[in-house]
Amino acid sequence: MAVQTHKKKSAPLGSDVAEGSTPLHVQIRESIRSQVRDGKLIDATGRLMTEAELGRHFSVSRITIRNAIAPLVNEGMFDRSRGRGTFLRSNQPENWVGRLMGFSETIRDAGYHAGARILQQGMTNRHDAAVREQLRERAVWQLKRLRLADETPIAIEHAFYPPEIGLELEKRDLVSIIMYRVFEDELGLTIKDAQQTISADLADAGSAKLLGVKVGSPLLAIERVTFGREGRALELLRAVYLPKYFRLSISLTRRHS
């Protein structure tokens, strides 16, 4: 990647920006995107360095930095808050306050390209009592996928469905499927609500290998049952996520007598 200037100079320290024909602000933008996803340029709260700090980091003007950041804000990677700064949205791809979204919807909303690798799919009767109790089926259709954000593994999802729903899903592209949209727009299923349990977990040998972490590394675990209009369970999802990419934000109110 390069930028053409009147005077040749070496790439600034702390960046991967080089010389050539690509506009400088575009190079800076992509460098910010790359470095932030490696955990650089942001603090523990997800706050991005100020424009002045970024200007010094890349040895460019604040106008160049501003032009570089604006598209990242527009595409949803960052949120700007007057008086507080610019904050990364990619560590909170799901709104835990109550908006029900599938992985592809939430990860795209956070500015990533969503992807998947299918690990297991098809009918099975080898499921535990909790699956049987929730779906009320002796045999269910399962889908286990490694979920990706810009080709980086960040989650493992294992979902179970009633047979007739699963056999319909099997006809579709399970790598790029936007599950809840298919439910509503193609299968005619109305999603009423969902119950979700959130807990902490530790990576076992299998999940550690898939997610590229050490055995025993902390993971965020969820179990979610999604219900249709008649109260029937449409999906039971069990998933583990890398905590780096997810943050819980829950609204609480105090009851007054």
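- The aromatic rings of Trp141 and Tyr161 sit tilted relative to each other, their planes meeting at an angle between 30° and 60°.
- In terms of hydrophobic clustering, with Ile, Leu, Val, Met, Phe, Trp and Tyr side chains grouped at heavy-atom distances under 4.5 Å, Phe227 and Val140 are assigned to a common cluster.
- Applying the side chain to side chain contact (heavy atoms under 4.5 Å, CB included) rule to Ala70 yields no partners; only residues at least two apart in sequence or on another chain are considered.
- For Glu184 and Lys192, the salt-bridge test fails: no basic side-chain N is under 4.0 Å from an acidic carboxylate O.
- Sorted by first and then second residue, the side-chain hydrogen bond (donor to acceptor under 3.5 Å, both in side chains) pairs with a member in residues 204-217 read Asp204-Ser207; sequence neighbours excluded.
- Side-chain N or O atoms of Asp173 include none that pairs as donor or acceptor with a backbone N or O of Ile177 at under 3.5 Å.
- Annotation for Ile154 and Ala149: closest pair CD1-CB, 3.9 Å, computed over non-hydrogen atoms.
- Counting heavy atoms of neighbouring residues, nucleotides and ligands inside a 6.0 Å radius, atom CD of Glu230 does not exceed 12 of them.
- Looking at every heavy atom in both residues, Leu41 comes nearest to His57 through CD2-NE2, 3.6 Å.
- Under the 4.0 Å criterion applied to side-chain N and carboxylate O atoms, Glu186 and Arg172 are assigned as salt-bridge partners.
- A 6.0 Å sphere centred on CD1 of Ile63 holds no more than 12 heavy atoms belonging to other residues, nucleotides or ligands.
- Ile118 and Leu169 fall within the same hydrophobic cluster, defined by Ile, Leu, Val, Met, Phe, Trp and Tyr side-chain heavy atoms under 4.5 Å apart, directly or through other members.
- The two residues Leu234 and Thr190 come nearest to each other via the heavy atoms CD1-O, 4.2 Å.
- Between the side chain of His127 and the main chain of Arg138, a donor-acceptor pair closer than 3.5 Å is present.
- For the pair Arg56 and Phe58, the cation-pi criterion (under 6.0 Å, within 45° of the ring axis) is not fulfilled.
- Here Glu137 pairs with Arg232 in a salt bridge; the nearest charged N to carboxylate O distance falls below 4.0 Å.
- Criterion: ILVMFWY side-chain heavy atoms under 4.5 Å apart, direct or through other members. Under it, Val131 and Ile156 are not part of a common hydrophobic cluster.
- No chain of hydrophobic side-chain contacts below 4.5 Å, direct or via other Ile, Leu, Val, Met, Phe, Trp or Tyr residues, connects Val240 to Phe160.
- Under the 4.0 Å criterion applied to side-chain N and carboxylate O atoms, Glu133 and Arg136 are not assigned as salt-bridge partners.
- Counting only distance, with no hydrogens or angles, the side chain of Glu170 and the backbone of Leu167 share no donor-acceptor pair below 3.5 Å.
- The minimum heavy-atom distance linking Ala68 with Ile28 is given by the pair CB-CG2, 3.8 Å.
- Annotation: Arg80, atom CZ; neighbour count of heavy atoms from other residues, nucleotides and ligands within 6.0 Å is above 12.
- Look at Lys144 and Glu157 and you find no salt bridge, because none of the NZ, NE, NH1 or NH2 atoms lies under 4.0 Å from a carboxylate O.
- The backbone N or O of Ala155 lies less than 3.5 Å from no partner atom in the side chain of Arg145, so there is not a single donor-acceptor pair.
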